[in-house]
Each structure stands twice: as structure tokens, then as C-alpha cells.
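In what follows, a structure is listed as C-alpha cells, so that the remarks can point back to it.
Positions are given from 1, in the same order as the sequence printed here.
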Amino acid sequence: MKIWKLVSGILSIVLFVFVSFQSCAAGLANSLEENGEISGSAGLIVAVLMLVGGIVSIVTMKIWSGWCLINMILAVVALIAGGKNKAGTQDSI
């Protein structure tokens with residue numbers, strides 16, 4: 001398990017680089033198109049969380065498992081909330 005913890009941490013840190021570059025490109029495209037989307041900013045947040053997760057994975061296991069549990073709960077909440085918005089009700093901002 002210690003080897004997988006190290007491997008998953010290193011993979012998360014490496015993927016951080018790719019996700020951050022992709023998010024910067026998406027943010028630049030959104031900015032140039034002035035379409036009001038925030039996918040680039042959201043991607044940067046995901047990239048930072050991947051970096052944090054990778055570092056925590058390398059450092060300790062109990063914190064990593066707690067972090068995964070928090071991410072799972074938030075993902076389920078986002079899926080449920082996203083499904084309700086796609087059903088026809090749209091927030092007006």
C-alpha cells in the first residue's frame with residue numbers, strides 16, 4: 001500500500017501540470033470569447049486540489065483517505081444538484 005500511495009501522489013502531481021495548462025488555455029479562450037464561462041477558473045481549482053492531494057498522498061495515508069471521502073461527498077452533491085438544474089430549472093444571475 002505504501003508503494004501505491006507514493007505512485008498515486010506522484011501521478012497527481014504530474015497531472016497537476018497538464019490540468020493547469022489546459023485550464024489556463026480554457027480560461028484564455030473564455031476570456032477572448034467573452035462568453036461568461038468559468039471553466040478555466042474551475043479547472044485551476046481542480047489542478048490545485050490535485051496538487052494538494054498528491055502532496056498529502058505522499059506525506060500520510062489517513063489524511064488522504066479523509067480527503068477522498070470529502071471529494072466523493074461533494075461529487076455526489078454536485079451530480080444531484082446538476083441534475084436538477086438540467087431538468088429545466090435554470091438559475092438567473
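- Note that CG of L49 and CG of L74 are 9.5 Å apart. Values are rounded to the nearest 0.5 Å.
- Inter-residue side-chain proximity for L6 and I10 is flagged as met; some heavy-atom pair is nearer than 4.5 Å.
- E33 contributes atom CD, which lies 10.0 Å from atom CG of L28 (distance to the nearest 0.5 angstrom).
- For I55, the side chain to side chain contact (heavy atoms under 4.5 Å, CB included) partners are I13, L51, V59, not counting sequence neighbours.
- Of all heavy-atom pairs between S12 and G54, the closest is CB-CA, 3.6 Å.
- Tracing side-chain contacts under 4.5 Å through hydrophobic residues (I, L, V, M, F, W, Y), one never reaches L44 starting from V48; they form parts of separate clusters.
- Listed by first and then second residue, the side-chain hydrogen bond (donor to acceptor under 3.5 Å, both in side chains) pairs that reach into residues 16-31 are N30-S39, sequence neighbours excluded.
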